[in-house]
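Here is the structure we will look at, set down as structure tokens.
Fair warning: this is a prediction, and the values are worked out from it, not measured in the lab. Letters A, B, ... are given to chains in the order of the sequence lines, protein chains preceding strands, and every chain is numbered from 1.
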2 protein chains.
Amino acid sequence: MLACMQPRSEMDIKALLRHTPLFEGLDGAVLDEMLSHFRRETWKQGRRISEQESGQRFHIILSGRLKMGQINPDTGRMVTLFLLQPGDAFDVISLLDGQPNPVILEARDDLLMLSTPMQEARRWIEEHPAFNRSFLPYLGQQMRSLANLAGDLALHDTETRLARLILRHLQPEAPGQPLRLIHNLSHESLAEMIGSVRVVVNRQLQHWQREGVVVTRRGELLIKELETLLKKAMQFSRHTP
Amino acid sequence: MLACMQPRSEMDIKALLRHTPLFEGLDGAVLDEMLSHFRRETWKQGRRISEQESGQRFHIILSGRLKMGQINPDTGRMVTLFLLQPGDAFDVISLLDGQPNPVILEARDDLLMLSTPMQEARRWIEEHPAFNRSFLPYLGQQMRSLANLAGDLALHDTETRLARLILRHLQPEAPGQPLRLIHNLSHESLAEMIGSVRVVVNRQLQHWQREGVVVTRRGELLIKELETLLKKAMQFSRHTP
DNA sequence: ATTTTTCTGCTACCAGGGTTACACAGTTTG
DNA sequence: CAAACTGTGTAACCCTGGTAGCAGAAAAAT
């Protein structure tokens with residue numbers, strides 16, 4: 001929905017931001033003033049960039065999705081810490097404390113964004129306490145998702161983590177369509193989001209398919225037994241095989 | 001140092017907070033006004049409590065340390081997400097977004113804290129933008145440490161994670177004393193902080209001891225070869241055994 | 001002093017999940 | 001249309017690191 005919109009005019013942009021958690025409550029005039037300090041920026045799909053390089057600017061995503069993650073240079077493996085969507089902002093961490101953040105940014109789709117120098121964004125936040133009414137809860141969400149990721153990685157096996165990830169990314173229960181499915185995330189992407197590896201994700205999905213819990217097709221995943229998946233997400237299965 | 005102080009009077013408290021990242025820059029009068037809304041609270045060592053129960057109040061630690069973590073009820077295992085020290089505040093996440101946070105709090109020492117209702121703390125933040133000059137960077141630090149934990153858990157093996165943890169907790173290089181050592185963290189605590197288990201930590205420490213990198217005694221850990229440990233922390237060892 | 005609890009050292013066991021490697025179906029590109 | 005690329009299915013291998021269990025040393029409690 002949001003992800004499909006390609007805002008062109010200032011009006012479109014304002015309308016889009018009105019529906020995002022960061023800006024929904026914001027006064028029109030304040031929003032205008034903010035927009036005047038931002039400029040548009042586009043990244044092509046697949047562009048990968050280290051935060052150091054782009055870290056001097058603060059971005060707000062208008063369309064497309066962006067992976068923010070870390071890499072182990074020795075193994076080449078990557079974790080996704082955040083999958084940012086339209087309405088999300090980055091890099092929040094270095095905005096807050098001014099330190100460079102050793103993360104990798106990767107455009108999963110073509111990206112349209114607004115951007116402004118970090119300093120400008122900080123100044124703006126300081127001068128518009130009203131914005132904090134949305135900004136602070138937004139920070140809370142981000143921290144919470146990080147905390148849950150860390151907790152999951154330390155405490156739960158890949159099956160549980162994968163089940164949870166899928167449940168978190170279910171499409172909004174369409175009324176007519178009887179099938180619930182996940183939007184286009186490759187096995188590779190899923191793996192990076194649970195801190196694992198493509199082969200393992202595939203193995204697990206095939207296992208579930210044989211159990212009749214899911215059906216996989218190229219680029220999509222249909223959930224047949226939601227309840228079973230819910231159980232796996234809370235690992236009752238450990239003791240009752 | 002800070003951890004040893006047992007502040008009694010208002011003066012002591014103010015002096016202590018002056019040295020913490022959250023309050024160091026703060027105006028004296030503002031600090032006074034804040035303190036008037038807080039009351040003292042003490043927890044005994046070992047007290048374990050779920051965030052739900054204490055989640056309605058916002059706390060600032062004056063002395064002692066507090067573990068904030070998650071538990072897997074099926075296995076009983078626990079991860080430490082934060083090891084909070086004097087000057088730290090909690091629970092920041094539910095302060096920000098108002099949602100209950102499914103974490104466990106555990107007093108590692110006897111705790112002396114200031115506390116105030118969440119609503120009060122939020123109101124106070126809103127009315128004192130000056131405080132944000134310290135608060136926002138503090139949030140950044142917290143998020144950063146969470147992000148690093150998650151990244152480490154997904155990308156690095158236990159040896160690397162343990163090496164990094166130890167390096168992060170080295171005592172401030174004492175001039176006379178030739179030995180660098182870590183303050184009193186049990187193997188169990190170390191394990192929880194790297195998302196692993198006592199046996200594994202012990203195994204690793206013994207391994208290092210045989211290599212001559214560290215010396216372990218009950219309750220303390222001496223680092224003999226700092227450089228070796230630094231290398232392990234960046235896993236050069238993987239390819240050059 | 002004796003009991004109880006906490007911390008530590010050590011062993012044997014084995015399974016989850018990571019590595020590597022290859023084949024094939026769809027898609028996109030030239 | 002062929003070629004190149006991307007996403008997916010599968011198999012063999014085996015190593016890290018978690019589980020279970022016990023025993024002794026130090027500390028705390030009685």
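When the P atom of dC5(D) is taken as reference, atom CD of Gln45(A) falls 16 Å away, rounded to whole Å. Rounded to a whole Å, the CG atom of Asn184(B) is 11 Å from the P atom of dA28(D). Taking atom CD of residue Glu192(B) and atom P of nucleotide dC7(C), one finds them 11 Å apart after rounding to whole Å. Here dG17(C) presents its P atom at 13 Å from CG of Asp152(A), a figure rounded to the nearest Å.
Here the CG atom belonging to Leu66(B) is positioned 5.5 Å from the CG atom belonging to Leu105(B), to the nearest 0.5 angstrom. The distance from the CG atom of Asp109(A) to the CZ atom of Arg65(A) is 4.5 Å, given to the nearest 0.5 Å. The CE atom of Met143(B) sits 7.5 Å away from atom OG of Ser145(A), with the distance rounded to the nearest 0.5 Å. Rounded to the nearest 0.5 Å, atoms CZ (Arg48(B)) and CD1 (Ile104(B)) are 6.5 Å apart.
With Gln45(A) contributing its side chain and Arg108(A) its backbone, the two residues share a donor-acceptor pair below 3.5 Å.
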Nucleotides 6-19 of chain D: protein proximity per nucleotide (B base, S sugar-phosphate only, - neither; heavy atom, under 4.0 Å): BBBBBBB----BBB
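For the pairing with Glu159(A), the salt bridge (Lys or Arg N to Asp or Glu O under 4.0 Å) check across Lys232(A), Lys231(A), Arg164(A) returns one residue only, Lys232(A).
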